[in-house]
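Below is one structure; the comments refer to it alone.
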Amino acid sequence: MSNVLKVLLIEDDTIEVMKLNRVIKSLNLKHQIVEANNGEDALDILKKKEVLPDIILLDLNMPKINGIEFLGILKSDETLRYIPTIILTTSNNQKDLLECYKIGVAGYVLKPLKYEDYVKKIEKIFAYWSINELIKA
């Protein structure tokens, strides 16, 4: 039995948000997606700490606070630092990859160009995280 995940998706591209929601629907997954279209909005959602997400899906290239800056803020918070954060990005820049793992991400996934490949990757991310024991806040 896998868990239904509460997911915070931090993504500024509306098409990417729609794409992820489409995949979840097409795979008939019941995960709850909360959307933030930049790091500042995400921090506002997280600071309320009423309902924390089980996992965070984070895009790196965003306005205002980029993904790496957001990670730095997240990991310096005593409560939020334990939320598994998976980077979902088009950036295969090795410097970004190394920086993210240094800060403490749970995964770094490249968004493939082909939709079918994207579906497979998203399905695997959710399959993996839904069988994990996650911290319930």
Side-chain angles (χ1 to χ4, degrees):
M1 178 64 197
S2 59
N3 300 314
V4 171
L5 299 171
K6 288 190 294 292
V7 181
L8 176 58
L9 172 64
I10 309 170
E11 170 65 71
D12 66 315
D13 184 335
T14 313
I15 290 171
E16 288 294 330
V17 172
M18 286 166 52
K19 192 162 77 171
L20 184 91
N21 282 314
R22 186 174 145 203
V23 170
I24 291 200
K25 196 173 178 177
S26 73
L27 293 171
N28 210 7
L29 301 172
K30 303 293 180 227
H31 306 305
Q32 299 161 2
I33 309 294
V34 173
E35 298 160 15
N37 57 7
N38 60 55
E40 285 182 351
D41 289 357
L43 288 170
D44 288 344
I45 292 166
L46 290 167
K47 279 182 185 148
K48 291 181 184 138
K49 294 185 181 168
E50 288 151 20
V51 181
L52 290 177
D54 296 311
I55 64 170
I56 296 172
L57 295 177
L58 174 64
D59 183 34
L60 284 187
N61 306 314
M62 293 183 298
K64 299 181 181 175
I65 305 173
N66 72 31
I68 290 175
E69 291 167 327
F70 173 84
L71 272 175
I73 297 165
L74 187 77
K75 294 301 180 183
S76 65
D77 183 287
E78 284 304 314
T79 310
L80 305 176
R81 65 168 21 142
Y82 299 110
I83 302 169
T85 303
I86 300 102
I87 305 299
L88 201 52
T89 185
T90 53
S91 170
N92 60 1
N93 178 329
Q94 289 300 301
K95 198 169 126 301
D96 287 346
L97 179 69
L98 181 61
E99 194 57 36
C100 287
Y101 276 114
K102 256 191 219 166
I103 297 170
V105 293
Y108 193 102
V109 178
L110 287 177
K111 294 177 196 168
L113 293 173
K114 282 177 63 188
Y115 182 72
E116 304 78 55
D117 295 340
Y118 179 80
V119 171
K120 285 179 195 155
K121 280 193 176 185
I122 295 301
E123 185 175 24
K124 285 179 177 142
I125 289 170
F126 285 123
Y128 176 77
W129 285 103
S130 64
I131 61 164
N132 270 273
E133 293 305 314
L134 298 165
I135 297 165
K136 300 291 176 200

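One-based numbering along the sequence shown.
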>> Would you say that Trp129 contacts Asp54 through its side chain, given a criterion of any heavy-atom pair below 4.5 Å between the two side chains?
In response: no
> So, Lys120 and Glu123, do they make that salt bridge, N to O below 4.0 Å?
Replying inline: no
>> Taking atom CZ as the centre, does Arg22 end up with more than 12 heavy-atom neighbours from other residues, nucleotides or ligands that are less than 6.0 angstrom away?
In response: no
> Can you list the steps and then say if Leu60 with Cys100 is a side-chain contact (heavy atoms from CB on, under 4.5 Å)?
Replying inline: CA-CA 10 Å; Leu60 284 187; Cys100 287; 3.8 Å; yes
>> Could you tell me if the side chain of Lys6 sits less than 4.5 Å from the side chain of Val4, heavy atoms only?
In response: no
> Ile45 and side chain to side chain contact (heavy atoms under 4.5 Å, CB included): which partner among Leu52, Val51, Val34?
Replying inline: Val34
> Out of Ile56, Ile125, Ile10, Leu110, which one pairs with Leu88 under the side chain to side chain contact (heavy atoms under 4.5 Å, CB included) rule?
Replying inline: Ile125
> What are the two closest heavy atoms between Met62 and Gly67, and how far apart are they?
Replying inline: CE-N, 4.0 Å
> Would Lys64 and Asn66 satisfy side-chain hydrogen bond (donor to acceptor under 3.5 Å, both in side chains), going step by step from the backbone distance to the final call?
Replying inline: CA-CA 6 Å; Lys64 299 181 181 175; Asn66 72 31; over 6 Å; no
> Are Leu71 and Val109 in one and the same hydrophobic cluster, where Ile, Leu, Val, Met, Phe, Trp and Tyr link if side-chain heavy atoms are under 4.5 Å apart?
Replying inline: no
> Run the side-chain contact (heavy atoms from CB on, under 4.5 Å) check on Val7 and Leu20 step by step: do they pass?
Replying inline: CA-CA 11 Å; Val7 181; Leu20 184 91; 5.6 Å; no
>> In this structure, would Leu9 and Ile55 fall into the same cluster of hydrophobic residues linked by side-chain contacts under 4.5 Å?
In response: yes
>> Check whether Asn132 reaches the backbone of Leu134 with its side chain - one donor and one acceptor, N or O, closer than 3.5 Å.
In response: no
> Do Ile86 and Ile103 belong to the same hydrophobic cluster, where Ile, Leu, Val, Met, Phe, Trp and Tyr are linked whenever their side-chain heavy atoms lie under 4.5 Å apart, directly or via other members?
Replying inline: no
> Side-chain heavy atoms under 4.5 angstrom apart, residues restricted to Ile, Leu, Val, Met, Phe, Trp, Tyr: same cluster for Tyr118 and Leu29?
Replying inline: yes
> How far apart are the C-alpha atoms of Thr90 and Asn61, what are their side-chain angles, what is the distance that settles it, and do they pass the side-chain contact (heavy atoms from CB on, under 4.5 Å) test?
Replying inline: CA-CA 9 Å; Thr90 53; Asn61 306 314; 4.1 Å; yes
> Hey, any chance Phe70 and Ile83 share a hydrophobic cluster, counting ILVMFWY side chains that come within less than 4.5 Å of each other, even indirectly?
Replying inline: yes
> Between Lys111 and Asp59, is a salt bridge (charged side-chain N to carboxylate O under 4.0 Å, His left out) present by the stated rule, with each step listed?
Replying inline: CA-CA 10 Å; Lys111 294 177 196 168; Asp59 183 34; 3.6 Å; yes
